[in-house]
Amino acid sequence: MSERSPLVRGMRDLYADELARIRFVEEVFGNTLESYGYEIIRLPVIERTALFSRGIGEATDAVSKEMFTFDEESDPVSLRPEGTASCVRAVIDANLYRGGQPKLWYSGSMFRHERPQRGRYREFFQVGAEAFGFDGPDVDVELIRVVQDVWDQLGLANEITLEINTLGNAASRQKHREGLVAYLTPYKDELDEDSQRRLDLNPLRILDSKSGQTQRLIEHAPEISDYLDDESRRHFDEFQERLACQGVDATVNSRLVRGLDYYTHGVFEWNTERLGAQKQVGGGGRYDGLCELLGGAPCPATGFAIGVDRVALLQQDRGIEAPISTPDVYVLALSDDEEGFALDVAMQLRRQTKLRVRMHQGGGKVKARMRAADRSGASVALIIGAHEAASNQVSLKWLRTVQDQVAVPVTELTATLLNSN
RNA sequence: GUGGAUGUAGCUCAGUGGUAGAGCCCCGGAUUGUGGUUCCGGUUGUCGAGGGUUCAAAUCCCUUCAUCCACCCCA
């Protein structure tokens, strides 16, 4: 035997229950977003590295140390660590916002080169949505409302909490930044190592440092609310009022700054206490400056992204079953002589119904064939032997309920199966 | 990138220097046209990999790889 090739770290094969949960979450998100009139967009997995370093921020962990990057003829490209930058690029490239106000959603793999652990993989799945051309905050609230709808449908409304904050507009954010640097610089030597580095690069991120020492220092640090101008304050007030009107519970967390650089105004995160260390299941916010930063016409925009893996884990933790893709009907001929008849029966069912019909193959004794029928998960076995074939019937046996096996004429089979569900 | 734990059958695991095991699963029979329950029988192994110590290593030592959990950070 030749040598086996192990999985690349952080990559997974997904199948059976685990995949069923992930597909279910993706499907509910997709259907819900479509029901709000959002249109799907499919984006490339690989982009120029520069798109991410400019769009997400050179100083963020996601860009500075977590990207899978390789050279494409000395033009560095990377596997996407998130979807927003690509989506904005696509909107700019096709000038999608010129004729309207696109509301888009996407779903797919994202990649970050981190040490894997529960709820965090190097290839993971996100569903996201972005709305372009709206100043908000009505549309920001709609996005949150969409996600709340999904939590309700998934039975997770009680497991997930929403935190919100505002970063203000560009001017307010800049003043806050200056105030923060002025406050923290005298204490520079007392900050943790990461925060010292961020003091120049991205001082806002110091606010959500986990270091106890740093936490004590920032306890009295200036907050964004001290610097909000009238426009920013009105935006955040209306954001909160509209959330309340929609019956969405949210807690203001003034330390919430988000990991990526492009946010402005209202930002938000969904958290859970049930996934060990990985509390965050999703987040988003407004990014009014990003289109211009990436070379497009100025355009206000807002969006969110959800970690599908974490939502699926949460469902597993809550014991919520996802629909699994097993056959409905298992067709087994008892010998080769009835094979052709059995194939005709199976084809008739596939054409006349949406039932999933699996044929038995591989021979074996009747006992083995019946065992295969049971193991397939099908709820019905159609048994076809010499008697049945001679009389143009099938023997219909329910595998999951206690009912007598019955002989059914082929002409009545479809109706019999459809009426029994 | 840092720390801790764990790698033995398809799965869950026991085995701390002396012939590799259990339960579940799987296969066969009881039941030659009927699964799932019951009874009887059977198969399943580079003990993660490489090296060392020893008469003898799954077991002790070294190296390495992988996985999990946590830190950092994030979805």
Side-chain angles (χ1 to χ4, degrees), chain A residues 1 3-12 22 25 29 56 59-67 80-84 107-128 147 160 192-195 197-198 202 205 208-211 214 257-260 269-272 275-284 304-314 330 332-335 337-338 360 364-389 395-402 404-405 407:
Chain A
M1 201 193 296
E3 199 178 333
R4 304 213 308 191
S5 186
L7 265 178
V8 173
R9 167 173 284 185
M11 301 293 143
R12 296 165 293 162
I22 283 174
V25 171
F29 264 105
I56 299 172
T60 61
D61 284 11
V63 166
S64 63
K65 55 187 198 193
E66 294 169 3
M67 285 208 299
R80 61 186 181 189
E82 55 103 56
T84 299
S107 173
S109 294
M110 307 295 161
F111 302 84
R112 293 187 198 174
H113 193 276
E114 297 180 277
R115 272 288 261 279
Q117 67 190 74
R118 178 173 162 83
R120 181 167 67 195
Y121 313 99
R122 288 186 172 184
E123 179 181 14
F124 60 102
F125 306 102
Q126 283 191 342
V127 170
V147 176
I160 294 172
D192 63 277
E193 204 176 318
D194 280 334
S195 294
R197 198 165 38 82
R198 286 178 188 142
N202 193 352
R205 289 278 307 289
D208 66 357
S209 165
K210 301 297 184 299
S211 152
T214 303
V257 297
R258 302 287 299 145
L260 312 179
E269 289 180 357
W270 289 276
N271 298 298
T272 180
L275 292 183
Q278 310 308 326
K279 290 178 177 328
Q280 196 175 325
V281 296
F304 70 77
I306 299 292
V308 171
D309 308 86
R310 291 184 184 174
V311 178
L313 275 175
L314 201 47
Y330 195 93
L332 56 123
L334 295 187
S335 80
D337 292 339
E338 296 86 37
H360 179 82
K365 299 189 173 180
V366 176
K367 182 190 180 93
R369 292 174 197 232
M370 287 301 296
R371 188 161 46 223
D374 184 48
R375 255 205 297 263
S376 76
S379 50
V380 173
L382 298 183
I383 302 157
I384 297 171
H387 306 152
E388 289 85 355
S395 289
L396 188 159
K397 175 160 186 166
W398 295 95
L399 297 172
R400 315 290 156 201
T401 58
V402 187
D404 289 338
Q405 180 171 318

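Just so it is clear: chains get the letters A, B, ... in the order the sequence lines come, proteins before strands, and each one is counted from 1.
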Subject >> Atom of A/Phe125, atom of A/Ser109 and distance for their closest heavy-atom approach >> reply: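 The answer is CE2-OG, 3.2 Å.
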Subject >> Interatomic distance where NZ belongs to A/Lys365 and C1' belongs to B/C27 [whole Å] >> reply: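 A/Lys365 atom NZ is separated from B/C27 atom C1' by 12 Å.
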**OP:** Would you classify A/Gln280 as touching base, sugar-phosphate or nothing, given that sugar-phosphate means primed atoms plus P, OP1 and OP2, and contacts are heavy atoms under 4.0 Å?
**Re:**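 Touches sugar-phosphate only.
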Original post:
Contact class for A/Arg310 vs. all strands (heavy atom < 4.0 Å): base, sugar-phosphate, or nothing?
Top reply: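 Since a base atom lies under 4.0 Å of A/Arg310, the category is base.
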Subject >> Spacing of the P atoms in B/U59 and B/C72 (rounded, Å) >> reply: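 Comparing P positions in B/C72 and B/U59 gives a spacing of 37 Å.
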Original post:
Over how many whole Å does the gap from A/Glu123 atom CD to B/A75 atom C1' extend?
Top reply: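 About 14 Å, once rounded to whole Å.
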**OP:** For B/A20 and B/A9, measure between their P atoms and round to the nearest Å.
**Re:**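 Roughly 16 Å separates the two P atoms.
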**OP:** Find the distance A/Arg122:CZ to B/C73:C1' and express it as a whole number of Å.
**Re:**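 Those two atoms, CZ and C1', are 14 Å apart.
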Original post:
Within the side chain of A/Arg369, is there an N or O that forms a donor-acceptor pair under 3.5 Å with the backbone of A/Gly364?
Top reply: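 Yes; judged by distance alone, with no hydrogens or angles, the pair exists.
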Original post:
What interatomic distance, in whole Å, is found between P of B/A75 and the corresponding atom of B/U67?
Top reply: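 23 Å, rounded to whole Å.
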Tabulated below should be each protein N or O lying under 3.5 Å from an N or O of nucleotides 4-13 of chain B; please produce it.
none

**OP:** Using the P atom on both, measure B/C60 against B/G18 and round to a whole Å.
**Re:**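 Between the two P atoms, the distance is 11 Å.
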Original post:
Expressed as a whole number of Å, how far does the P atom of B/C61 sit from that of B/G23?
Top reply: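 After rounding to an integer number of Å, I get 31 Å for this pair.
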**OP:** Report the distance from atom CG of A/Asp61 to atom P of B/A75, rounded to the nearest whole Å.
**Re:**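 It is 11 Å, rounded to the nearest whole Å.
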Original post:
Could you state the CZ-C1' distance from A/Arg120 to B/C73, rounded to the nearest angstrom?
Top reply: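 So the two atoms are 6 Å apart, to the nearest Å.
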Original post:
What integer distance in Å separates A/Arg12:CZ from B/A66:P?
Top reply: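 Distance check: A/Arg12 CZ to B/A66 P gives 18 Å.
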Subject >> Pairwise C1' distance for B/C13 and B/G50, with rounding to whole Å >> reply: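 The answer is 26 Å between these two C1' atoms.
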Subject >> Parallel, tilted or perpendicular, as decided by the 30° and 60° cut-offs, for the rings of A/Phe304 and A/Phe29 >> reply: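 Aromatic pair A/Phe29/A/Phe304 classed tilted.
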Subject >> Pairwise 5' ranking along RNA chain B for A/Leu275 and A/Arg112, keeping only the more 5' one >> reply: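 Nearest nucleotide further toward 5': that of A/Leu275.
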Original post:
Which one is paired to B/C11, where only Watson-Crick or G-U wobble pairs with both distances under 3.5 angstrom count?
Top reply: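 Pairing partner: B/G23.
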**OP:** For B/G4 and B/C40, measure between their P atoms and round to the nearest Å.
**Re:**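 Looking at atom P only, B/G4 and B/C40 are 49 Å apart.
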Original post:
Considering every strand shown, what is the Watson-Crick or G-U wobble mate of B/U63 when both distances are under 3.5 Å?
Top reply: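 Paired with B/U63, as far as the under-3.5 Å criterion goes, is B/A49.
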**OP:** Could you check A/Gly10 against A/Tyr121 and say which one's nearest nucleotide on RNA chain B is further toward the 5' end?
**Re:**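 By nearest-heavy-atom nucleotide position, the 5'-most residue is A/Gly10.
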Original post:
Just by protein heavy atoms under 4.0 Å, how would nucleotides 33-38 of chain B read 5' to 3' in B, S and -?
Top reply: BBBS--
**OP:** Identify the heavy atoms of A/Gly83 and A/Gln126 that sit nearest to each other, and give their distance.
**Re:**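 Scanning both residues, the minimum pair turns out to be N-OE1, 4.1 Å.
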Original post:
Expressed in angstrom and rounded to an integer, what is the separation of A/Lys279 atom NZ from B/C71 atom C1'?
Top reply: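 Going from A/Lys279 (NZ) to B/C71 (C1'), I get 14 Å.
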**OP:** With rounding to the nearest 0.5 Å, note down the distance linking CZ in A/Arg12 to CZ in A/Phe124.
**Re:**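 Rounded to the nearest 0.5 Å, the CZ-CZ separation comes to 10.0 Å.
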Original post:
Which whole number of Å gives the distance between the C1' atom of B/A5 and that of B/G10?
Top reply: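 Their C1' atoms lie roughly 25 Å apart.
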**OP:** Over all heavy atoms of both residues, which pair between A/Glu114 and A/Arg122 is shortest? Give the atoms and the distance, please.
**Re:**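 So the minimum-distance heavy-atom pair works out to O-NE, 2.7 Å.
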Subject >> Any strand: nucleotide that pairs with B/C71 via Watson-Crick or wobble, under 3.5 Å >> reply: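 Looking at the geometry, B/C71 pairs with B/G1.
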Original post:
With sugar-phosphate meaning primed atoms plus P, OP1 and OP2, does A/Arg9 contact a base, only sugar-phosphate, or nothing at under 4.0 Å between heavy atoms?
Top reply: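 Since only primed, P, OP1 and OP2 atoms lie under 4.0 Å of A/Arg9, the category is sugar-phosphate.
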Subject >> Exam field: side chain A/Arg400 to backbone A/Ala378, donor-acceptor pair closer than 3.5 Å >> reply: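 Yes, A/Arg400 side chain to A/Ala378 backbone: donor-acceptor pair under 3.5 Å.
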**OP:** Report the distance from atom CG of A/Leu332 to atom CD of A/Glu338, rounding to the nearest 0.5 Å.
**Re:**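 Result: 10.5 Å between the selected atoms.
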Subject >> Polar pair under 3.5 Å, donor/acceptor by atom type, side chain A/Glu269, base B/A75 >> reply: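 Between B/A75 and A/Glu269, which were checked side chain against base, a qualifying N/O pair under 3.5 Å is absent.
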**OP:** Could you tell me whether a side-chain N or O of A/Arg310 sits under 3.5 Å from a main-chain N or O of A/Val281, the two making a donor and an acceptor?
**Re:**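 Checked: no pair found.
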Original post:
Using a cut-off of 4.0 Å on non-hydrogen atoms, how would the nucleic acid contact of A/Tyr330 be classed: base, sugar-phosphate, or nothing?
Top reply: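 Answer is nothing: A/Tyr330 stays at 4.0 Å or more from every strand.
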Subject >> Interatomic distance where CZ belongs to A/Arg369 and P belongs to B/C27 [whole Å] >> reply: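 Taking atom P of B/C27 as the reference, CZ of A/Arg369 is at 15 Å.
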Original post:
Where do A/Gln280 and A/Asn271 come nearest, in terms of heavy atoms and distance?
Top reply: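 Reported closest heavy-atom pair: CA-OD1, 3.6 Å.
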Original post:
A/Ile160 versus A/Leu314: any side-chain heavy-atom pair under 4.5 Å?
Top reply: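 Result yes, sub-4.5 Å side-chain heavy-atom pair found.
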